[in-house]
2 protein chains.
Amino acid sequence: MKNEDEPRDKRLKPGDAQKLTMAEVAKYVGVSAMTVSRAFRQDASVSEETRKRIMEAVDALGYVLDLSAGSLSSRRSGFIAALVPSINNSNFSDTARGITDALENTGLQLLLGYTDYAAEKEEKLIEAMLRRRPEGIILTGGSHTSRARRMLEKAGIPVVETWELPEEPINHVVGFSNTEAMALLVRTLASQGYRKFGYIGGTTARDTRGSQRRSGFQKTVEELGLGPGRMISFGVPPITMEQGGQAIVSLLERWPDTEVVLCVSDLSAFGAIMECKRRGMRVPEDVAIAGFGDYEISSICHPSITTIDVDCYGIGRQAAARLLDALQGGGAAGGDITLTSYKVVLRESTERAGSR
Amino acid sequence: MKNEDEPRDKRLKPGDAQKLTMAEVAKYVGVSAMTVSRAFRQDASVSEETRKRIMEAVDALGYVLDLSAGSLSSRRSGFIAALVPSINNSNFSDTARGITDALENTGLQLLLGYTDYAAEKEEKLIEAMLRRRPEGIILTGGSHTSRARRMLEKAGIPVVETWELPEEPINHVVGFSNTEAMALLVRTLASQGYRKFGYIGGTTARDTRGSQRRSGFQKTVEELGLGPGRMISFGVPPITMEQGGQAIVSLLERWPDTEVVLCVSDLSAFGAIMECKRRGMRVPEDVAIAGFGDYEISSICHPSITTIDVDCYGIGRQAAARLLDALQGGGAAGGDITLTSYKVVLRESTERAGSR
DNA sequence: ATCTAGATTGTTATCGATATCATCTTGGCC
DNA sequence: GGCCAAGATGATATCGATAACAATCTAGAT
């Protein structure tokens, strides 16, 4: 796999790395290092004339500011840390994008990590992040190891938990009730006449949002007097498209008269729908299927998929906004809770016969 | 949207942030700061006894190592920077995951940025990254502004360009020829009897990999004597699922007898297939469709989608491995090129009638 | 008993920027 | 003309760890 035929030796000779410092730029221009430092900042008082000369020198010499030195003396790292369960999941990468966008032009940079839905990995990552002395940290969910909580509380920086409404928030929260959202979906579909509800989710509580959705489903189906829901657990969360396909087969084998199946996410819903079609079943005529999260796939899929539209990007933006507030306000204000919106999006995959 | 009813003031009182330093831990244990510093490292020579006592103190006090201070004096930031066009695209987030995984237990941390497929944004990000003094940097593609190139060359750190084979590599390369990969797909489909080829891609050269795939398509169709390909450009890259659907409508309106349509990515291919089904056309019987990238969706979709399987995760792992090599070897070796594998995956979306 | 290599620990200087305070200009105002 | 405020610039200490070297100690060899 490696092509060694042509050992091109490019510019990267050792020692080529001229470590240029601010002091050298200063000498070149004939000012003090402090003035060069000031020239790099918007607010500082440097004459336009001097700043211009300095910036020309910076260009000419190819100097690049060293923030690691600066953050030590200013005691501001310029980092915001964020942990998401997975970056391959577009819901969370939308949130990450929201954070990055909100941080633009604030001089803050995002340090991103993914926990793989594991609290232990989250704990390790939190420690790794705190070693960089971030000015704030954004987490996904409210379920953390006790050591993680202790580290966060001791860090003395604003913390935002997202995507859920934790029972005991550490500090700020930007999220919504996954339980309520799923309940709303159940009620909406019930009001359309569906009676026999199935549910597809993962096998463990690793994915706390998944568990909350499941309990929202179960609780609401029972409240509506529709008996216990038909639940299939399949695979370690997050469950994949393929597992969604396998799960619906199990579910329909066990309860062939199921009218509508709710899935923990659009990904599994998509897998379920495709598997049905592959087996010659019609969706929604033979079985209706809904997802959660409103991934891009759901509006494009044929049939398009009924789902809950979550404001993933907004969660990121607002979480970052909360942090910025807290950093401005001195962080003395204690935590607050920002509820983010969600809504049911009814699409073809749950259309009732003749309802067109 | 904000719930201010219950202003919970949690532990985050101002001044709560005890800035604990290594010196204080040292005093607590009765050793020097240097010994504490050593206790945090694997290789350093500290007696087990002392290390244990130090670590207990660290736990008891809740001390967290400060890497920003350490990296200044050791002149090693512990960062690797990586820039991808988008984190919402699972191909690239797979690459990011590969990098992160390869970096595990190396003491190096990933600084991730996304360029939005724009060279100017890449330039800004490169500068922002270099300010953190990363020990190496991984880029996507070989197309950079000249200032970006200059900064990179001057930085004196190993650089890896990925996902393409740049004509003038800066340093290391881990990638494959998008042109060749698409050519292979064309030849494979031609050998199955397809003659009238269409292509769907974006409107501009922003996405250089997209352009390369396009030229691979065009070149090969002509080489095979199948006339000029029928090309539809639709939308600013990266084109979405929805745009794929719109594009195939245009394409089939203009050239109704097209037998097979290749798309710049699986996402647009999926959109195209779904739009066809929505309009009552059969895939592949009425028109065959193929994509590029082997996204999860493509094996699940009904019909499953013919595509090029790219080793996205492996690109990340190998790019990181190249960097680690270079960091070990002192970086004196100059650049090398690592070719990553790809393969045609034939699926239902291009099955010839009766070929089952 | 003496010596030495290796292990363990300490001391001091330093990484490269910025905070802070001091100094020097400059222009406006009475 | 003299005084003062605001603006521009400089000097120095410092952020919190680690590199480099020095000092001390231990165990085994002679």
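The chains referred to below are lettered A, B, ... by the order of the sequence lines, with proteins before strands, and numbering in each begins at 1.
Residue B:R41 is classed as a sugar-phosphate contact, given heavy-atom separations below 4.0 Å to backbone atoms only. In this structure, B:T50 reaches the sugar-phosphate backbone alone: every heavy-atom distance under 4.0 Å involves primed, P, OP1 or OP2 atoms, never a base. Within 4.0 Å (heavy atoms only), B:R131 reaches no atom of the nucleic acid at all.
In DNA chain D, consecutive stretches of 3 or more Watson-Crick or G-U wobble pairs with both distances under 3.5 Å are given as paired ranges: C:1-30 with D:1-30.
Between the side chains of B:Y313 and B:D101, at least one donor-acceptor pair of N or O atoms lies under 3.5 Å. Donor-acceptor pairing under 3.5 Å is lacking for the side chains of B:Q318 and B:T338.
Scored by the salt bridge (charged side-chain N to carboxylate O under 4.0 Å, His left out) test, B:R51 finds B:E48 as partners (sequence neighbours excluded). Scanning for side chain to side chain donor-acceptor pair (under 3.5 Å) contacts around B:T35 gives B:S32, with sequence neighbours left out. Checked against salt bridge (charged side-chain N to carboxylate O under 4.0 Å, His left out), A:R97 has the following partners two or more places apart in sequence or in another chain: A:D94. Considering only residues two or more places apart in sequence or on other chains, B:K52 meets the salt bridge (charged side-chain N to carboxylate O under 4.0 Å, His left out) condition with B:E56. A:R131 pairs by the salt bridge (charged side-chain N to carboxylate O under 4.0 Å, His left out) definition with A:E127, not counting sequence neighbours. A:R53 meets the side chain to side chain donor-acceptor pair (under 3.5 Å) test with no other residue; sequence neighbours excluded.
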Using nucleotides 12-15 of chain D, report all nitrogen or oxygen pairs with the protein that are shorter than 3.5 Å.
unit_1 : atom_1 : unit_2 : atom_2 : d
D:dC15 : O3'    : A:R75  : NH2    : 3.3
D:dC15 : O2     : A:S73  : N      : 3.2

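Within residues 24-32 of chain A, no residue is approached by DNA chain C to less than 4.0 Å at the level of any non-hydrogen atom.
Following rounding to the nearest Å, B:L65 (CG) and D:dA17 (P) show an atom-to-atom distance of 7 Å. Atom pair A:R76:CZ and C:dA19:C1' shows a separation of 13 Å (rounding to whole Å applied). One atom, CD1 of B:I54, and another, C1' of D:dA17, lie 14 Å apart when rounded to the nearest Å. At whole-Å resolution of the value, CZ in A:R133 and C1' in D:dG16 are 9 Å apart. Rounded to an integer number of Å, the gap from CD of B:E48 to C1' of C:dT9 is 15 Å. In this entry the distance linking CE of A:M22 with P of C:dT14 reads 21 Å, nearest Å.
When B:E122, B:K124, B:M129 are each tested for a side-chain contact (heavy atoms from CB on, under 4.5 Å) with B:I126, only one passes: B:E122.
Distances shorter than 4.0 Å separate none of the side-chain N or O atoms of B:R51 from OP1 or OP2 on C:dT9. In terms of phosphate contacts, B:Y63 brings no side-chain nitrogen or oxygen within less than 4.0 Å of OP1 or OP2 of D:dG16. Checking the phosphate oxygens (OP1, OP2) of C:dT9, no side-chain nitrogen or oxygen of B:S45 falls inside 4.0 Å. OP1 or OP2 of D:dT9 has not a single side-chain nitrogen or oxygen of A:T35 nearer than 4.0 Å.
Interatomic distance, B:I99 CD1 to B:L110 CG, rounded to the nearest 0.5 Å: 6.0 Å.
Aromatic ring centroids of A:F79 and B:F79 lie under 6.0 Å apart.
The B:T21 side chain lies nearest to D:dG16 when the options are D:dG16, C:dT9, C:dA17.
Listed by first then second residue, pairs satisfying side chain to side chain donor-acceptor pair (under 3.5 Å) with a partner in residues 57-71 of chain A read A:D66-A:S68, not counting sequence neighbours.
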Evaluate B:T208 against B:E164 for side chain to side chain donor-acceptor pair (under 3.5 Å), listing each step before the verdict.
CA-CA 9 Å; B:T208 53; B:E164 294 180 18; 2.4 Å; yes
Classify every nucleotide of nucleotides 22-27 of chain C by which part a protein heavy atom approaches to under 4.0 Å, writing B for the base, S for the sugar-phosphate alone and - for neither, in 5'-to-3' order.
------
Donor-acceptor pairs under 3.5 angstrom involving side-chain atoms of residues 156-163 of chain A: please list them, not counting sequence neighbours.
unit_1 : atom_1 : unit_2 : atom_2 : d
A:E161 : OE1    : A:I170 : N      : 2.8
A:E161 : OE2    : A:H144 : NE2    : 2.8
A:T162 : OG1    : A:L139 : O      : 2.7
A:W163 : NE1    : A:T95  : OG1    : 3.1

